[in-house]
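Let me begin by presenting the structure, written as structure tokens, before commenting on it.
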Amino acid sequence: MDYKQQIADLLTESTGLDRDRILELIEIPPQLDMGDYAFPCFTLAKTLRKAPPMIAGDIAGSINLDGTVFTAKNAGPYVNFYIDRSAYAVNVIDEVNKSGIVMDTAANSDKNVIVEYSSPNIAKPFHVGHAFTTVLGNSLARIYKKLGYNVIRMNHLGDYGTQFGKLITAYRLWGDEAALNEDPIKELLRIYVKFHQEEKNDPTLTDTARDNFRKLEEGSPDEVALWQKFRDMSLVVFNKLYERIGVEFDNYNGESFYSDKIPEIVDILNEKGLLVESKGAKVVMLDDEGLPPCIILKSDNTTIYASRDLASALYRYRTYHFDKNIYVVGNTQALHFKQVFSVLKKAGFDFADKCEHVAFGLVKFKDMVFSTREGNIVLLEDLLNESVSKTREIIANNAKERGQDMSEEEIDEIAEKLGVGAVIYTFVKSGRERDIVFSWKEMLDFEGDSAPYLIYTYARTRSILRKGEQQGKHPASGDSLKILTGDDEYAVIRAVADLKDAVVKAASSNEPFMIARQVALIARAYNRFYNNSSILNCDDDDLVCARLALCSSVCTAIREGLDLLGISCVERM
Ligand code: ARG
């Protein structure tokens, strides 16, 4: 049950106002004595031609709260709603312990949402910037799925363009088959860099490369075969990384997939009189939007990044009739997407309004020194390895200090999950448009705002539940939960109940951090409760079992919340 929604229903009934507007207005007061939810009446003063305190008084006097967990009181211009803690405890904990975090999915089941994420350039190293889109997009896909949408997860691989003409040329001149089999990305990068060095002295290389890309785009078998080989080998490397961080896709239709769909785009733009010549290239002018021209075909008639995005948007609409088409791509490409969406709009495709660029900031490093293999870029694999090995050290030390006996394999397994989780959490713990700063100190702080802290809270609570079982004490349900009315208990229950609202908001703003923030809030509220009260050691068995039920609901909320972020828990550590 979503309590905010319920209050919105009650207020809609009693005021006759628009429900969405009411939902926006409902606040969560800063102090518990001011109620659990508050409805401010300022904005109604105009419509109703009454002073806000009078309106608040009228609403509090007339609203029908029979059969709900609320009482209402007016205070100045506000109507404050107070939750009956006993009924609330029963409702929230029972629902979570029986069914998990249940979202309202009915309205969404026939809606298609495309989430495009990751989309690395093949034959290039997978660096931390690609990790950002991969982690964000994976989380968004999970969030939309949780809300009942039909989600299509797309990896728009950068597997086309002039650089493949260069790679083909370079491989024929300097390629080393053995090295390619050993470490494909390393070898492809080596010859790519060499190409650019040699090109300075030998301009004919540029022409050969352009020619080879043209041949590739025309379907010439030798060029296609080499390109296919580079693509397949790169995907093997990428898929290993995806598997390690628990990321999947429904399709890998990269840029190459759209190459033969571009003539149609050109025809459409021509028909609408949108295509003009500029220095031999074909472009769409966008000055009326204050944007530079969008290049559709280059002077040698080959296609370009933007034209492939136009073709892909049209293909996606025809194939999926999407309600939303989300591009999780860094904010450095903001202009590109503005251009693409504008061209679609000009061409008369209304679905342009359903396309959204979900942008994110840069990735920076604070206290980290990497033995980077590839110049100054940081590879995701290196970041993960380092994070896991540092986490392993901490866990092994903790275990020694506590005199815990843990096998090496167990430590390895926990370190892998925590270390990977710590990296993922860093990407999703703040608003996505902010630059991220990685710092070992923060991301591996077992008491701070980190994945290890959340997972540790989960694992410790699971162990309390296991201990309870051993003592024959099982989580209570129903009316036995009514005794959970203390301030600390209530704060935990409240935090658990509010997770649903966080999921809804995370989707509407495409901001997974809203879930991260709520899970952190649950863990902090729970740890306060844990530090101030005993769970298994109270004299009153009924209280023990009620509190165990609370523990169980906390575990479910943390596990499901983290799962929506793409982070998995461990059962003990
Ligand atoms: N491959 C591009 C890169 O690595 C990102 C592709 C973004 N997606 C798109 N539909 N343009 O920079």
Side-chain angles (χ1 to χ4, degrees), residues 119 121-124 156-170 192-220 223-224 227 254-315 327 329-349 352 355 357 359:
S119 310
N121 295 329
I122 63 169
K124 292 259 179 72
H156 187 86
L157 291 175
D159 60 359
Y160 230 48
T162 36
Q163 69 268 35
F164 291 95
K166 294 177 189 170
L167 272 179
I168 291 167
T169 311
Y192 191 69
V193 170
K194 188 170 169 72
F195 180 91
H196 283 276
Q197 283 160 354
E198 301 288 329
E199 197 183 18
K200 285 184 203 132
N201 313 321
D202 181 1
T204 63
L205 282 174
T206 318
D207 297 330
T208 316
R210 194 175 300 135
D211 213 41
N212 280 334
F213 177 55
R214 197 182 38 72
K215 281 192 196 151
L216 172 64
E217 197 153 39
E218 286 164 6
S220 158
E223 282 71 21
V224 170
W227 164 84
E255 292 183 43
S256 62
F257 182 80
Y258 302 102
S259 164
D260 65 357
K261 298 173 180 56
I262 287 174
E264 187 190 354
I265 294 289
V266 171
D267 287 347
I268 293 171
L269 296 175
N270 251 331
E271 249 166 59
K272 306 252 168 183
L274 292 169
L275 218 52
V276 296
E277 290 255 344
S278 164
K279 295 180 201 139
K282 300 256 188 345
V283 309
V284 175
M285 299 305 289
L286 299 169
D287 16 354
D288 52 340
E289 317 256 346
L291 298 171
C294 183
I295 303 177
I296 308 294
L297 287 178
K298 294 206 281 188
S299 50
D300 62 358
N301 245 345
T302 54
T303 64
I304 192 167
Y305 187 50
S307 38
R308 295 192 279 272
D309 259 325
L310 291 168
S312 108
L314 182 58
Y315 172 84
Y327 299 83
V329 181
N331 55 20
T332 50
Q333 294 196 31
L335 177 62
H336 164 75
F337 284 106
K338 274 191 194 141
Q339 290 176 301
V340 168
F341 300 160
S342 293
V343 173
L344 288 173
K345 197 99 210 228
K346 274 189 193 295
F349 295 122
C355 298
H357 175 206

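As the structure is a prediction and not an experimental result, all values here were calculated from the model.
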Please examine the side chains of [Y] and [X], heavy atoms only from C-beta on, and report whether any two atoms are closer than 4.5 Å.
{"X": "Glu217", "Y": "Thr303", "answer": "yes"}
{"X": "Ser307", "Y": "Ile304", "answer": "yes"}
{"X": "Lys261", "Y": "Leu314", "answer": "no"}
{"X": "Thr302", "Y": "Arg210", "answer": "no"}
{"X": "Ser299", "Y": "Lys279", "answer": "no"}
{"X": "Leu286", "Y": "Lys346", "answer": "yes"}
{"X": "Val276", "Y": "Met285", "answer": "yes"}
{"X": "Pro292", "Y": "Leu335", "answer": "yes"}

query: Name the one of Thr208, Thr206, Asn212, Asp207 that satisfies side-chain hydrogen bond (donor to acceptor under 3.5 Å, both in side chains) with Thr169?
result: Asn212
What closest approach, in Å, do [X] and [Y] show between heavy atoms, and which atom pair accounts for it?
{"X": "Val283", "Y": "Ser278", "result": "CG2-CB, 4.0 Å"}
{"X": "Cys294", "Y": "Ala306", "result": "SG-CB, 3.8 Å"}
{"X": "Ser342", "Y": "Leu291", "result": "OG-CD1, 3.5 Å"}
{"X": "Phe164", "Y": "Leu216", "result": "CB-CD2, 4.1 Å"}
{"X": "Leu344", "Y": "Ala352", "result": "CB-CB, 3.8 Å"}

Can you list everything that forms a salt bridge (Lys or Arg N to Asp or Glu O under 4.0 Å) with [X]? Sequence neighbours excluded, please.
{"X": "Glu223", "value": "Arg172"}
{"X": "Asp202", "value": "none"}
{"X": "Lys272", "value": "none"}
{"X": "Asp267", "value": "none"}

[X] side, atom [atom1]; [Y] side, atom [atom2] - distance, nearest 0.5 Å:
{"X": "Asn301", "Y": "Ile262", "atom1": "CG", "atom2": "CD1", "result": "11.0 Å"}
{"X": "Asp309", "Y": "Tyr258", "atom1": "CG", "atom2": "OH", "result": "9.0 Å"}
{"X": "His196", "Y": "Lys194", "atom1": "NE2", "atom2": "NZ", "result": "13.5 Å"}
{"X": "Leu167", "Y": "Tyr192", "atom1": "CG", "atom2": "OH", "result": "7.0 Å"}
{"X": "Glu199", "Y": "Thr204", "atom1": "CD", "atom2": "OG1", "result": "9.5 Å"}

message: Test of understanding: with ring pair (Phe, Tyr, Trp, His ring centres under 6.0 Å), list the residues that count as partners of Phe213, not counting sequence neighbours.
response: Tyr160
More than 12 heavy atoms from other groups under 6.0 Å of NZ on Lys338: no
message: If you count every heavy atom of other residues, nucleotides or ligands that lies below 6.0 Å from Ile295 atom CD1, does the total exceed 12?
response: no
message: Parallel, tilted or perpendicular, judged at 30° and 60°: which one describes the rings of Phe341 and Tyr327?
response: tilted
- request: Show your working on side-chain contact (heavy atoms from CB on, under 4.5 Å) between His156 and Val329 and close with a plain yes or no.
  value: CA-CA 11 Å; His156 187 86; Val329 181; over 6 Å; no
- prompt: Is there a donor-acceptor contact under 3.5 Å from the side chain of Asp159 to the main chain of Ser256?
  reply: yes
- prompt: Would you find a donor on one side and an acceptor on the other, under 3.5 Å apart, between the side chain of Gln339 and the backbone of Pro293?
  reply: yes
field: Residue pairs, two or more places apart or on separate chains, that pass ring pair (Phe, Tyr, Trp, His ring centres under 6.0 Å) and touch residues 260-287
entry: none
task: Run the numbers on Asp300 and Arg214 for side-chain contact (heavy atoms from CB on, under 4.5 Å), then give the verdict.
output: CA-CA 8 Å; Asp300 62 358; Arg214 197 182 38 72; 5.5 Å; no
query: How far apart are the C-alpha atoms of His336 and His357, what are their side-chain angles, what is the distance that settles it, and do they pass the side-chain contact (heavy atoms from CB on, under 4.5 Å) test?
result: CA-CA 10 Å; His336 164 75; His357 175 206; over 6 Å; no
- request: Start with the C-alpha distance between Val343 and Leu269, add both sets of side-chain angles, then the distance that settles side-chain contact (heavy atoms from CB on, under 4.5 Å), and finish with yes or no.
  value: CA-CA 9 Å; Val343 173; Leu269 296 175; 3.8 Å; yes
